[in-house]
Amino acid sequence: MKALFRLALPLLMLALLTGCQSAASTPADNLRGTGDLGLIIERATGSVLVIDHSEYEILGRVEGLGDLSHASVVYSRDARYGYVFGRDGGLTKVDLLTQTIANRVIQSGNSIGGAISQDGRYVAVSNYEPGGVNIFDSRTLENVLMLPATYTNASGEQAQSKTVGLVDAPGNQFVFSLFEAGEIWTVDMVSQPPAVSRHPAGKQPYDALITPDGRYYIAGLFGEDGLSMMDLWAPENGVQSILPDYGKGEQRLPVYKMPHLEGWAIADGHAFVPAVGRHEVLVATMDDWSMVQRIPVHGQPVFVMASPDNRQIWVSFAHPDNDVVQVIDSRTREIIRDLEPGKSVLHMEFTPRGEEVWVSSRDSDRITVYSTRTLEAVATLPARKPSGIFFTSRAHALGL
């Protein structure tokens with residue numbers, strides 16, 4: 001009996017060790033981080049692609065997100081959840097790890113984008129119809145605040161304005177503009193109830209941005225030349241006009257698509273601004289916000305975006321010139337390359353450290369990935385009418 005036990009003991013130990021090694025290796029096979037993931041909007045099919053931008057890999061497709069014809073995305077602090085803002089008023093919480101819809105609400109008739117608060121607790125949505133901003137608990141998507149964008153119109157009547165240019169700001173604030181009312185509002189979510197401040201902003205602000213340090217909120221104006229800027233460090237000073245009269249006395253071209261100010265390029269002490277209705281990128285010095293140069297470009301610029309190292313400015317264009325992307329050297333301010341990613345380029349997104357940029361071509365049904373060092377294509381991915389590209393690195397940046 002003892003001899004039999006001595007023979008069986010080594011076999012039993014070997015089986016236990018083998019089982020432990022197998023059990024230890026199994027969980028690791030199912031683990032992954034979220035830092036190199038992202039969502040790509042498929043605008044015609046109400047779906048999003050979950051992608052891994054390190055491996056150029058499509059991990060899955062999530063469907064049932066409604067009208068995504070003008071959709072954008074923000075991320076939770078842990079970058080697991082993407083909040084997708086649809087044109088139909090839908091706010092959809094997408095789980096990137098399970099590639100499923102975690103929650104979805106219809107919060108208005110027509111929405112145009114949104115933001116997540118600095119502490120990650122609140123998601124705000126900007127609306128065209130009926131106007132105003134709605135704010136939700138980011139975990140449950142329960143509504144915590146409704147802000148009708150009311151103002152007194154030219155007839156002396158109370159009306160609601162479209163809201164645009166919604167961003168998050170330091171101090172757990174949201175900032176947005178009112179198109180018809182010509183105002184900028186700030187919402188302090190630390191105060192209870194939240195405190196709202198209103199500031200005159202010029203005629204018909206159509207979009208806006210916040211500088212990367214969170215200090216300046218700048219709104220583009222459709223109803224007049226120039227832009228309106230508010231210093232969020234000193235809001236009591238009101239709104240300042242910058243780049244005034246840059247187009248006075250000149251014949252404008254028809255505006256086929258309004259420029260997007262999000263992704264405005266700030267590099268080497270200068271701001272690179274898309275000119276409305278012109279084939280130009282405007283350059284302003286940030287010392288006093290005066291215009292110092294106009295760069296002739298291929299068409300009417302829509303996105304003017306700086307690479308993370310600020311060495312390059314990538315420019316996309318409105319129809320009918322939207323099959324081309326131009327790259328500008330931020331030091332010489334000269335165009336160094338014309339690229340042709342495909343038909344109807346809609347969006348660009350730099351990888352977090354800027355070694356590559358992903359470009360969507362709606363009518364070519366593909367994403368093209370370029371090296372920012374060689375300016376050559378390094379990969380392509382198929383997609384159904386792709387538009388916005390949003391990487392999870394946005395979870396850790398202001399105003400994106």
Side-chain angles (χ1 to χ4, degrees), residues 72-75 77 83 85 112-126 133 135 147 149 163-179 182-190 194-202 205-221 226-243 258-267 269-274 282 284 286 289 302-308 310 313 347 349-350 352 388 390-391 393-400:
S72 60
V73 180
V74 298
Y75 289 98
R77 285 167 65 97
Y83 299 88
F85 307 101
I112 197 65
I116 189 165
S117 61
Q118 187 179 31
D119 63 5
R121 293 178 58 192
Y122 305 107
V123 175
V125 190
S126 179
V133 167
I135 301 177
L147 289 172
T163 53
V164 297
L166 173 63
V167 300
D168 60 288
N172 233 35
Q173 298 182 88
F174 291 115
V175 189
F176 56 93
S177 298
L178 280 63
F179 180 78
E183 295 181 344
I184 294 172
W185 288 17
T186 64
V187 185
D188 180 356
M189 296 301 294
V190 175
V196 179
S197 300
R198 306 171 65 149
H199 306 269
Y206 66 86
D207 195 12
L209 64 97
I210 191 169
T211 53
D213 60 3
R215 178 170 182 176
Y216 296 104
Y217 178 84
I218 301 173
L221 301 177
L227 303 103
S228 292
M229 181 182 72
M230 188 165 74
D231 185 348
L232 298 178
W233 291 7
E236 66 278 5
N237 293 337
V239 174
Q240 172 188 352
S241 178
I242 61 173
L243 294 181
M258 293 302 296
H260 282 260
L261 295 187
E262 182 196 337
W264 226 37
I266 294 177
H270 293 84
F272 293 75
V273 185
L282 310 177
M286 294 183 67
W289 295 97
V302 175
F303 283 102
V304 178
M305 302 175 66
S307 58
N310 291 333
I313 311 299
H347 199 229
E349 180 86 333
F350 290 96
F390 304 93
F391 295 153
S393 52
R394 288 171 171 254
H396 311 297
L398 286 166
L400 294 179

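Not counting sequence neighbours, the partners of S241 by the side chain to side chain contact (heavy atoms under 4.5 Å, CB included) test are P244. Residues satisfying the side chain to side chain contact (heavy atoms under 4.5 Å, CB included) criterion with Q118, sequence neighbours excluded, are P170, N172. Checked against side chain to side chain donor-acceptor pair (under 3.5 Å), Y75 has no partners two or more places apart in sequence or in another chain. Looking at residues two or more places apart in sequence or on another chain, you find no side chain to side chain contact (heavy atoms under 4.5 Å, CB included) involving P200. Residues satisfying the side chain to side chain contact (heavy atoms under 4.5 Å, CB included) criterion with A124, sequence neighbours excluded, are V133, I135, L166, F174. Taking the side chain to side chain donor-acceptor pair (under 3.5 Å) definition, one finds that S72 meets it with nothing, sequence neighbours left out.
The distance from atom OG of S393 to atom CZ of F350, rounded to the nearest 0.5 Å, is 12.0 Å. Between D213 atom CG and I266 atom CD1 the span is 8.0 Å, to the nearest 0.5 Å. The CZ atom of R77 sits 7.0 Å away from atom CG of D119, with the distance rounded to the nearest 0.5 Å. Residue I218 holds its CD1 atom at 6.5 Å from OG1 of T211, rounded to the nearest 0.5 Å. Remark: M230 CE to R215 CZ distance equals 12.5 Å, nearest 0.5 Å. In this structure, CD on E183 lies 11.5 Å from OG on S197, to the nearest 0.5 angstrom.
When all heavy atoms of G171 and V190 are compared, the closest pair comes out as O-CG2, 3.6 Å. For the pair Q173 and D188, the tightest heavy-atom approach, listed with the atom from each and the gap, is CG-CA, 4.3 Å. Heavy-atom minimum distance, Y206 versus F179: CA-CD1, 4.2 Å. The heavy-atom pair separating Y217 from G165 by the smallest distance is OH-O, 2.8 Å. Annotation for H347 and F303: closest pair CD2-CZ, 3.4 Å, computed over non-hydrogen atoms. Summarising the geometry of D207 relative to V164, their closest heavy-atom pair is N-CG2, 4.1 Å, with the distance given to 0.1 Å.
Between W289 and Y216, the ring-plane angle classifies as perpendicular under the 30° and 60° cut-offs. Classification of the F176-W185 ring pair by plane angle, with boundaries at 30° and 60°, yields tilted.
The closest side-chain heavy-atom distance from V123 to F85 is below 4.5 Å. Using a 4.5 Å cut-off on side-chain heavy atoms (C-beta onward), V175 and I210 make no contact. Between N237 and D231, every side-chain heavy-atom pair lies at or beyond the 4.5 Å cut-off. Using a 4.5 Å heavy-atom threshold, the side chains of P205 and L221 count as touching. Counting only heavy atoms from C-beta outward, the side chains of V187 and M189 approach each other to under 4.5 Å. Two residues are said to be in side-chain contact when any heavy atoms from C-beta on lie closer than 4.5 Å; V304 and V273 fail this criterion. Counting heavy atoms from C-beta on, the side chains of D168 and V74 never come closer than 4.5 Å.
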